[in-house]
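Note that this is a predicted model, so its numbers are computed, not measured.
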There are 2 protein chains.
Amino acid sequence: MKNIDPEWNNFRNISDGGDGFPSDMKYSIKFHDKNEVIFRQGDLCDALNILMTGSVKTEMITENGNLLGIEIINAPRPLAPAFLFSGNNRFPVDVTTLEDVEILRIPKDEVIRLMTSQPDFMQQFLIHNANRTQFLTNRLQLLSIKTIKGKIAHFLLEQAGEHGDTFTLNRNQTELADFFGVARPSLARSLSEMIEEGIINVNKKEYKVLDKKKLRELLV
Amino acid sequence: MKNIDPEWNNFRNISDGGDGFPSDMKYSIKFHDKNEVIFRQGDLCDALNILMTGSVKTEMITENGNLLGIEIINAPRPLAPAFLFSGNNRFPVDVTTLEDVEILRIPKDEVIRLMTSQPDFMQQFLIHNANRTQFLTNRLQLLSIKTIKGKIAHFLLEQAGEHGDTFTLNRNQTELADFFGVARPSLARSLSEMIEEGIINVNKKEYKVLDKKKLRELLV
DNA sequence: ATTAAAGTGTAACAGTTGTTACACCTTCAA
DNA sequence: TTGAAGGTGTAACAACTGTTACACTTTAAT
């Protein structure tokens with residue numbers, strides 16, 4: 001559930017030509033302020049947009065009007081690159097800036113030219129899209145768990161696997177509830193019960209996994 | 001929610017070389033019987049597998065052991081091509097044959113060679129992956145609707161948009177419940193109530209949308 | 001330091017869904 | 001034709017989650 005895509009860190013290297021890009025590459029750069037909605041769900045997606053500096057959050061609005069938080073994206077990373085080539089090439093989410101950002105925009109035909117002429121660029125693109133698909137699949141798996149405690153268990157076990165039994169989240173309770181697609185008080189209740197049962201410990205945004213075995217049982 | 005990917009119908013054309021493939025392409029073909037599990041969730045994915053004839057179903061097993069039906073795939077179509085390039089290149093789902101099938105297997109390095117040497121092949125690959133991503137996003141959207149009636153409404157409106165107000169599904173009630181990630185009797189109850197309210201009509205697998213306005217209200 | 005805003009804990013209640021069980025109806029094969 | 005198996009309708013109850021409301025704590029800004 002981490003948002004690190006190391007393969008895009010060498011984007012500048014891939015297309016290096018002195019100033020970081022091939023001298024003949026067509027592109028434009030846009031700047032946006034903090035807390036600005038820069039793309040909306042349904043917006044046409046006719047260029048590859050790469051977040052060069054700053055961070056954004058993506059949110060999906062379901063048809064019932066609820067917010068289903070998806071993820072926080074830190075630079076450098078492309079935004080929804082897969083949709084550049086989809087039949088209905090429209091943004092699947094709302095994109096909101098969390099700080100001042102810089103966006104590199106490469107038109108679609110230019111992307112195609114780069115991919116055919118620069119195999120490395122193509123492979124990075126493929127790898128990134130593959131990881132995105134995997135991310136969505138994980139998300140699907142999380143949402144398909146029906147109980148709140150089950151979702152918490154799935155999520156915390158995943159985090160513990162990556163960062164050890166004690167870790168700090170960058171989400172508050174409300175954001176975590178959105179992430180799980182549940183109501184905030186319901187999440188708080190489940191967390192309280194799990195603390196009561198001695199399975200976990202929570203202090204602000206710091207989480208401790210105390211009993212992995214019981215956590216796993218919650219997935220059953 | 002249809003499983004047609006027209007862009008892959010000309011796969012034979014793309015790589016045509018007399019017998020349908022380039023004479024120097026490395027590949028192998030495997031045959032499997034009906035009702036065979038040919039890939040399991042977690043299997044290594046080190047080649048591009050293309051379903052040439054027959055049909056399969058993919059199922060995701062959540063950690064709580066529940067089945068979350070994903071889709072039915074008809075030939076010709078590649079199976080989980082995106083995961084060929086992902087960091088953790090493992091199958092995200094179980095794949096089970098619904099009839100006798102023929103699978104074309106192209107090793108990963110050969111796929112890379114084809115992509116760099118045949119721009120059309122690359123574009124088809126990109127388009128397909130983009131559509132897969134969109135499919136997953138739709139699936140995510142459906143699952144994020146919390147009420148069963150809401151899911152039904154979302155699904156039926158989508159179907160009605162594609163096929164008109166009367167259409168026949170290729171899923172029975174149990175499979176539809178799995179697709180929605182809900183219990184079968186719960187789905188039956190919601191359907192009954194919606195029939196009672198004159199919103200829809202159901203006869204076996206034939207569905208009629210009677211009141212689109214009320215259906216849309218269920219999404220609110 | 002003070003105040004407003006944001007975040008958190010908790011309770012009561014309503015509403016929805018899951019579970020289990022069973023009757024009935026199809027379909028298909030022996 | 002007659003089982004047997006699979007599919008569907010329904011009911012009673014349990015379990016879980018959402019809603020609303022409010023008190024309390026923490027954070028950030030002036």
All pairs passing salt bridge (Lys or Arg N to Asp or Glu O under 4.0 Å) where residues 183-195 of chain B contributes a residue, at least two apart: B/Lys149-B/Glu193
Separation of atom CD1 in A/Ile145 from atom P in C/dG18, rounded to whole Å: 15 Å
Cation over ring face, A/Arg171 and A/Phe179, 6.0 Å, 45°: yes
Which residues share a salt bridge (charged side-chain N to carboxylate O under 4.0 Å, His left out) with A/Lys30, sequence neighbours left out: none
Residue pairs passing the ring pair (Phe, Tyr, Trp, His ring centres under 6.0 Å) test where at least one lies in residues 184-217 of chain A, sequence neighbours excluded: none
All side chain to side chain contact (heavy atoms under 4.5 Å, CB included) counterparts of A/Lys208, not counting sequence neighbours: A/Thr166, A/Asn201, A/Glu206, A/Leu210
Among B/Asp165, B/Ile199, B/Leu218, B/Leu215, the one residue meeting side chain to side chain contact (heavy atoms under 4.5 Å, CB included) with B/Leu156: B/Leu215
Nearest-Å distance for atom pair CG/C1', residues B/Leu218 and C/dG15: 15 Å
Rounded interatomic separation in angstrom, taking CG from B/Asn203 and C1' from C/dT26: 12 Å
Intermediate values then yes/no, side chain to side chain contact (heavy atoms under 4.5 Å, CB included), A/Leu104 and A/Asn49: CA-CA 6 Å; A/Leu104 172 66; A/Asn49 293 286; over 6 Å; no
Test of ring centre spacing under 6.0 Å for A/Phe83 and A/Phe91: no
Extract from the structure each pairing of a protein N or O with an N or O of nucleotides 8-14 of chain D at less than 3.5 Å, listing the distance.
unit_1	atom_1	unit_2	atom_2	d
D/dT8	OP2	B/Gln173	N	2.9
D/dG9	OP2	B/Gln173	NE2	2.6
D/dG9	N7	B/Arg184	NH1	3.1
D/dG9	O6	B/Arg184	NH2	3.2
D/dT10	OP2	B/Ser192	OG	3.1

Heavy atoms of other groups near A/Lys34 NZ, more than 12 under 6.0 Å: no
Atom pair distance, as rounded to whole Å: CG in A/Leu187 and C1' in D/dT17: 12 Å
A/Glu193 CD to C/dG9 C1', straight-line distance once rounded to whole Å: 13 Å
Between C/dG9 (P) and A/Asn201 (CG): distance, integer Å: 12 Å
Separation of D/dG18 C1' from A/Phe180 CZ (nearest whole Å): 17 Å
Helical bend (five base pairs per end, nearest 10°) for the helix from C/dA1-D/dT30 to C/dA30-D/dT1: 40°
A/Asp178 CG to C/dA6 P, straight-line distance once rounded to whole Å: 15 Å
